[in-house]
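Note sheet for the following structure.
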Number of protein chains: 2
Amino acid sequence: MGRALPQNSCMGRITIRDVAKAAGVSTSAVSRVFTDGASASAATRARVNAAAKALGYRPNALARALVGERTNLVALVIGQARNVFDSLFLEALADALAKHGQNLLISLVHGESAVDEGMMSALDYQADAVVVAAGTVPLATSERCLRLGVPIILCGRVLEREGVDCILGDNRDGARQAAELLVRGGCRRIAYLGRGPTAYSDSEREDGLREALAHLGLAPVATATVDPDNDHGFAAATTLLSAPQRPDAIFCGTDLIALGVLETARALGLRVPEDVAVVGFDNVPMSAWPSFRLTTVDFPIATTAETVVERIQARLAEPNLPAIVRRIPTRLVARATTRRIP
Amino acid sequence: MGRALPQNSCMGRITIRDVAKAAGVSTSAVSRVFTDGASASAATRARVNAAAKALGYRPNALARALVGERTNLVALVIGQARNVFDSLFLEALADALAKHGQNLLISLVHGESAVDEGMMSALDYQADAVVVAAGTVPLATSERCLRLGVPIILCGRVLEREGVDCILGDNRDGARQAAELLVRGGCRRIAYLGRGPTAYSDSEREDGLREALAHLGLAPVATATVDPDNDHGFAAATTLLSAPQRPDAIFCGTDLIALGVLETARALGLRVPEDVAVVGFDNVPMSAWPSFRLTTVDFPIATTAETVVERIQARLAEPNLPAIVRRIPTRLVARATTRRIP
DNA sequence: CGACGTTTTGAAAACGATTGCAAAGCTACC
DNA sequence: GGTAGCTTTGCAATCGTTTTCAAAACGTCG
């Protein structure tokens, strides 16, 4: 029972009972002083606070969660945190949650199949909500969440399913902006380079490019994929840029890939944007560095995280809301890797 | 009570009692089937498992934690996750913890003063251990942890205090390796550029450089600091590299800063390493990129995280271990920003 | 068949809080 | 002073588990 320490010698864990005894009131009184909105006279409030302070009492969040209906724990199921983008999102989410007094429980999962496991673990800890930013959500798991009244927020992917809110960037529109900039800058042979079809956002970005170009009477001259883990596009970019009919622009699914393309172009002695223009997606901090000055589509990570948190609160207040798909607007940031538009 | 759903209609939350009833056994029996090392006959085990599966039962981790002596929750108090280094550590830690069935609770704190708050929140949730990777640990808080039997692991900083284990890279030795490489490469006018004195590791690295140079009869020709948040060394590097008596090498407290120096050198038309050699610290993935090929001191993040987790297990098994300071060895990785040694 | 050690079992007491309910206190008004 | 109405209070039930303890079941052996 309890920790290894003898519980009377050093007062290992101070409980509500200790405070009650010290203040000469019942445990209910102490509880009421610590839960706001509960009634307690000024006198007892003062005595309880004094006793609690003297003893160093803090309510046990676990016990509180067991009986109450909130744990103030929100789980984030995420594929990797090493990725700049993901870690920025993690940070933004933690910040936004903190404003509501909620804490972040991390489930780092490797591979799509593990999403399920991560979500289950979140449910074991009675998380108030589950944010999934890796792969998709298995049907059985989302149904379990629904039954348990635990909101699911899926980020970066659309899944039309009861109880699953989807929040993601407006990838198609971002790609459209990029395409129009490139075409207006004189590019006609535009290629796409992204992660494979496993990356939902990337495929939307590719579709967006295709649609926008079609609107202008064009089509991508090439499409290539990059191993999402191992490289950031060196190999694929080399192939693309060494082809006999070299593209005059490459639109990339991700800034990291675009930076790889920049490096490859540099290595091949090609000038950017004169020989080949490059556009990325996400606007990670590195893209702005003087060495790169990458034109890219800004993905507002902070707004996304705040929207996620707002949606969580809304659903906790009103559990039966219909599922939504919310698109966060994206905005082109023109820097030095595309030609200047007059 | 419970979630918003009527608890009989859809069986919102399946408890141990439901399983017991379905299997025709007591709750104790169910509990024993789900805790390993407990005795249950093959027959009941089978019936309980069948019932649990049919009902979709999973034990409530919170209730379990309330009575048991482990929560399997480990808290990480961290300053920022946007930093590549920190996010790599976060990921490595989550992975290492997962191997022991432990989950990661994140407290993202802004500023040193908030470390206390983050740790307190961790204690509220009865975390089994607290890993601090931001600033230092207030005395009162470490004493509270000690009293509660919660191990503290402090990363990246030394704090000689009862119950606080410190795990950090061998910054001095890394700096020594860098200094020797530079000097053997012919550099004599070596400058240091790092974050201010608030960054403990950086100051150790600076000291290490100073000591190693002193050993060789040299001293740093300049020392400058960089705003740890806003830039990665452009301004400071520009000053340093435009000085009348330009240094022939810059040793940086961080890879990010070193990359900033590389960019600055490039912008000023200086050749690296011929005009100025550059060495970083940490060996973040970006340093290996073809555009940079930064010589740097490798900080083994995965090893650090594993050591942290090992130490947590050791302390949980044997709470009264004396505090340790463990140095993780660092290793120089020579790439293209220093002169080749014959 | 009875005695005896060894599992296996269930009842009940924790764990540390919250909260419904009814009693108690208080204020104010007639 | 009595009573209505409101606030404050404490008792006890509850949340979903684990675990102690003693009883029951079981197998073995004399």
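Judged by distance alone, with hydrogens and angles left aside, the side-chain atoms of A:Arg157 form a donor-acceptor pair with the main-chain N or O of A:Gly135 at under 3.5 Å. In this structure, B:Asp124 contributes its side chain and A:Asn60 its backbone to no donor-acceptor pair below 3.5 Å.
Atom pair B:Glu69:CD and C:dA14:P shows a separation of 18 Å (rounding to whole Å applied). Look at CZ on A:Arg32: it is 10 Å from P on C:dG20, rounded to the nearest Å. The separation between B:Asp18 atom CG and D:dC15 atom P is 11 Å, rounded to whole Å.
Counting non-hydrogen atoms under 4.0 angstrom, A:Ser41 reaches the backbone sugars and phosphates but no base. B:Ser28 comes within 4.0 angstrom of a base, heavy atoms only.
Among the nucleotides D:dG16, C:dT18, C:dG16, the one closest to any side-chain atom of B:Arg13 is D:dG16. Listed candidates were C:dG10, C:dG16, C:dT18. Nearest to the side chain of A:Arg17 is C:dG16.
For the helix from C:dC1-D:dG30 to C:dC30-D:dG1, the end axes, each set by the C1' atoms of five terminal pairs, are bent relative to each other by 50° (nearest 10°).
By the 4.5 Å heavy-atom criterion applied to side chains, A:Ser87 and B:Leu90 are not counted as neighbours. Contact of the A:Ile312 side chain with the A:Asp165 side chain is not registered, since no non-hydrogen atoms from C-beta on lie closer than 4.5 Å.
Of the two residues contacting DNA chain C, namely B:Ala40 and A:Arg58, the nearest-nucleotide position lying further toward the 5' end is that of B:Ala40.
The minimum heavy-atom distance linking A:Val325 with A:Glu160 is given by the pair CG2-OE2, 4.4 Å.
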- Under the side chain to side chain contact (heavy atoms under 4.5 Å, CB included) criterion, do B:Arg311 and B:Leu321 qualify, and how do the steps go? CA-CA 10 Å; B:Arg311 189 64 192 170; B:Leu321 293 175; 3.7 Å; yes

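For A:Ser26 and D:dG10, the shortest distance from a side-chain N or O to OP1 or OP2 is below 4.0 Å.
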